[in-house]
**Q** 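What follows is a single structure, and I will ask about it in a moment.
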Number of protein chains: 2
Amino acid sequence: MNALDLQHGRVDLSHGSGGRAMAQLIAQLFTREFDNEFLAQGDDGARLPHTEGRLVLTTDSHVVSPLFFPGGDIGCLSVHGCINDIAVMGAQPLYLTAGFILEEGFPLADLGRIVASMAQAAREAGVLVVAGDTKVVEQGKADGVFITTAGLGVLREGVDLSGANARPGDAILVSGMLGDHGMAVLSKRENMDFGTTLLSDTAALHRLIARMLDAVPGIHVLRDPTRGGVATTLNEIATQSGVGMLIEEAKLPLRPQVAAGCELLGLDPLYIANEGKLVAICAAADAQGLLAAMRADPLGANADIIGTVGERDPHCFVQMRTSLGGLRVVDWLAGEQLPRIC
Amino acid sequence: MNALDLQHGRVDLSHGSGGRAMAQLIAQLFTREFDNEFLAQGDDGARLPHTEGRLVLTTDSHVVSPLFFPGGDIGCLSVHGCINDIAVMGAQPLYLTAGFILEEGFPLADLGRIVASMAQAAREAGVLVVAGDTKVVEQGKADGVFITTAGLGVLREGVDLSGANARPGDAILVSGMLGDHGMAVLSKRENMDFGTTLLSDTAALHRLIARMLDAVPGIHVLRDPTRGGVATTLNEIATQSGVGMLIEEAKLPLRPQVAAGCELLGLDPLYIANEGKLVAICAAADAQGLLAAMRADPLGANADIIGTVGERDPHCFVQMRTSLGGLRVVDWLAGEQLPRIC
């Protein structure tokens, strides 16, 4: 089998045809980078070891533009995003799959960087990419590369996490600085300069979450505020639980660059995407213990309690007390603030 | 929440933003059509029931063009393809996920047809679509809709199916007429008329496979010859098993329209994609019993024994005895015969 030219070559339609070129791409890039016994089986699916428990299954498609941004790229993002969706359910992430849709003409060198970044993210997180698929479409029919990951985890015993579990009086926490991912992608896309480089917060949250569940097994809700930011996540949870919420603007952890960038662009940081942060909701009595557990983890160092769950409320309003002391409704995002952020 | 205009509306970027429009799309299309308790949980992943066994995990991206073709569409294809990848491993398919990448401007009515077709295919097959994701990209950055499905199944006890298990002397069987899917898509794409309408064979094969494994638990290899057709599948298996193969052209089940279409277009039916067929390899002594089990199922009515596995062979050549009595090598596809066939 000839060697792929991973330095100067480009994706062509034959890499998705099922023939020799696809076999080369799989052998010389994917199975080499992801390197595990399950992918190496080379069959239509991965045969995994005996597993027992309540399973969690999830999927995420990734279309971020640009593909490479400060602090990350579509590769590690697609691994972190899928791990986080499993972890916020209270499950240990174990196995991922990856479906690639490639545009004809895409540089193999860029694909190589993306796959290496995925593989590194998976290794660091202790999960295995066990199955994959590659399709190629004609130039102009996609945008470089889209990656859809799916993930499987096993639910931790004794947890019951759901967006439907927020109860009146509960505390609302976030794990750190908000809006870093969205503003990092935007800065690259728009070629903006914030003085210092702002990096995406893309990260796998499962170890932080394990630490949190060790401290407070009875956490009510965990969710990662990605697309649509904290505002959208809180609205989803409020609707699922049938409650109102009140958050404090002064308590929102924000980097000065993100605050400044948002002001400049007329954006609201509450709606900006995060890729390595979580929202947690727990009983008020557990809040300080949970906060301490979060702050003990590097990914939760800037965690804070940002608000409380209000009464049962058919309107499920999320409100914010502003720094000036007023109250405003934090509504669902009606249109599209930042397309293709993840 | 306002109603989506599923008749005249179009996908816009807000349907992928995480905001209200996305919540509408999920509530009024996806959870309504796929209708099951796991998707209805509305969380970041699906919490599934207690499961025990050896799991099989797989994924498939779908970029077929056109999206609607005689006998099917990208929706049912994405369900069948994923089910078949699980089933040929000897596993019972249970749960699917679906990641949608939508192009801005795509008609919601077409999306509705596609999702309904997926839901019907899943119902008929007895599997549940338990988690999903939707992203939207700008007009011209995708091609209508791409769908990536991932699937989870539990391995049947006592089976050991792998492309690496073909042994010298084994019989090679196919489950029916070859090339229907590829020629049906091509006929629609090129606006060709074969006299009678040729339909894609897209179908879920797990029940046929269960019947086959009931009859012959020790089948060595099962695989569905999709992209690249039977020729590619046999080359993959020959390479994985380190053997040669010999097939008989006269035994290949082919519809006259497919044979005629291939001749007209200079295509080789051995390389044309199938989406509801399988290749099976078993011990010679089991071949008649397996063939009888296949023919007893509607999806295996035209099954036949098409060849035998040769000796251990470092070149892993697949050869065909032609109808004229000559021998030719059935090589890997070097370039791209039919892009975007699945």
Side-chain angles (χ1 to χ4, degrees), chain A residues 13-14 17-20 41-61 63 85-86 88-89 95 97-101 130-133 135 137-138 140-143 146 148 150 152 155 162-163 223 226-228 232 240 332-337 339-340, chain B residues 13-14 17-20 41-61 63 85-86 88-89 95 97-101 130-133 135 137-138 140-143 146 148 150 152 155 162-163 223 226-228 232 240 332-337 339-340:
Chain A
L13 290 170
S14 71
S17 71
R20 196 185 291 274
Q41 290 164 0
D43 285 309
D44 282 347
R47 261 182 310 273
L48 303 173
H50 185 95
T51 306
E52 187 179 349
R54 288 196 65 190
L55 304 177
V56 168
L57 193 60
T58 183
T59 192
D60 246 328
S61 292
V63 299
D85 280 349
I86 297 168
V88 295
M89 305 294 296
Y95 305 108
T97 66
F100 294 84
I101 296 174
V130 296
D133 186 45
K135 294 291 189 314
V137 299
E138 307 89 332
K141 299 294 188 185
D143 194 12
F146 300 143
T148 301
L152 180 68
L155 208 61
S162 168
R223 195 162 284 183
T226 56
R227 271 183 292 184
T232 299
Q240 271 183 277
W332 289 86
L333 192 62
E336 170 55 277
Q337 185 169 260
R340 300 186 59 186
Chain B
L13 289 170
S14 70
S17 70
R20 197 187 289 275
Q41 291 163 359
D43 286 310
D44 282 347
R47 260 183 310 275
L48 304 173
H50 184 94
T51 306
E52 187 178 349
R54 288 197 64 190
L55 304 178
V56 168
L57 193 60
T58 184
T59 192
D60 246 329
S61 292
V63 299
D85 280 350
I86 297 168
V88 295
M89 305 292 297
Y95 305 108
T97 67
F100 293 84
I101 297 174
V130 296
D133 186 45
K135 293 290 188 317
V137 297
E138 306 88 334
K141 299 294 187 185
D143 194 13
F146 301 142
T148 300
L152 180 68
L155 208 61
S162 167
R223 195 162 283 182
T226 56
R227 272 183 290 184
T232 299
Q240 272 183 275
W332 289 85
L333 193 61
E336 169 57 276
Q337 186 171 257
R340 299 185 61 186

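The sequence lines fix the lettering, A, B, ..., with proteins before strands; numbering per chain opens at 1.
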**Q** Do the side chains of V137(B) and D143(A) get nearer than 4.5 Å, heavy atoms only?
**A** no

**Q** Locate the shortest heavy-atom distance separating S162(B) from R47(A); write the atom from each residue and the value.
**A** CB-NH2, 3.9 Å

**Q** For P339(A), is it the side chain, the backbone, both, or neither that has a heavy atom closer than 4.5 Å to a heavy atom of chain B?
**A** side chain

**Q** Sort out for me which of G99(B), S17(B), G132(B), G228(B) touches chain A most, counting heavy-atom pairs under 4.5 Å.
**A** S17(B)

**Q** Heavy atoms only, distances under 4.5 angstrom: which of L155(B), V63(B), D43(B) has the most pairs with chain A? Name it, please.
**A** D43(B)

**Q** For chain B, which candidate among L152(A), T51(A), V130(A) shows the most heavy-atom pairs at distances under 4.5 Å?
**A** T51(A)

**Q** Below 4.5 Å, heavy-atom pairs only: which of V88(B), L48(B), L13(B), L333(B) has the largest tally toward chain A?
**A** L48(B)

**Q** Report yes if the side chains of L55(A) and L55(B) come closer than 4.5 Å at any heavy-atom pair, otherwise no.
**A** yes

**Q** Between G19(A), A142(A), G140(A), which has the largest tally of heavy atom pairs under 4.5 Å with chain B?
**A** A142(A)

**Q** If you look at every heavy atom in M89(A) and G45(B), which pair is closest and at what distance?
**A** CE-O, 3.1 Å

**Q** Is there side-chain contact between T59(A) and T148(B), with at least one heavy-atom pair below 4.5 Å?
**A** no

**Q** Mark yes or no for whether R54(A), through its side chain, and H50(B), through its backbone, hold a donor-acceptor pair below 3.5 Å.
**A** no

**Q** Let's test your reading of the structure: which of Q240(A), Q41(A), E138(A), K135(A) forms the most heavy-atom pairs below 4.5 Å with chain B?
**A** K135(A)

**Q** I need the minimum non-hydrogen distance between I101(B) and S61(A), along with the two atoms involved.
**A** CG1-CB, 4.0 Å

**Q** So which of G53(B), P49(B), A98(B), G42(B) has the biggest tally of heavy-atom pairs under 4.5 Å with chain A?
**A** G53(B)

**Q** How far does CG of D60(B) sit from OG1 of T97(A), to the nearest 0.5 angstrom?
**A** 10.0 Å

**Q** Which of the residues L57(B), I86(B), T226(B), D85(B) is involved in the greatest number of heavy-atom pairs with chain A at under 4.5 angstrom?
**A** L57(B)

**Q** If you compare all heavy atoms of G18(A) against all heavy atoms of T232(B), which two are closest, and at what distance to 0.1 Å?
**A** O-CG2, 2.7 Å

**Q** At a heavy-atom distance under 4.5 Å, which candidate from E52(A), R340(A), R227(A) has the highest pair count against chain B?
**A** R227(A)

**Q** Looking only at non-hydrogen atoms, find the nearest pair between K141(B) and F146(A) and report the distance.
**A** O-CZ, 3.3 Å

**Q** Could you tell me which non-hydrogen atom of D44(B) sits nearest to which non-hydrogen atom of R223(A), and how far apart they are?
**A** OD2-CG, 3.3 Å

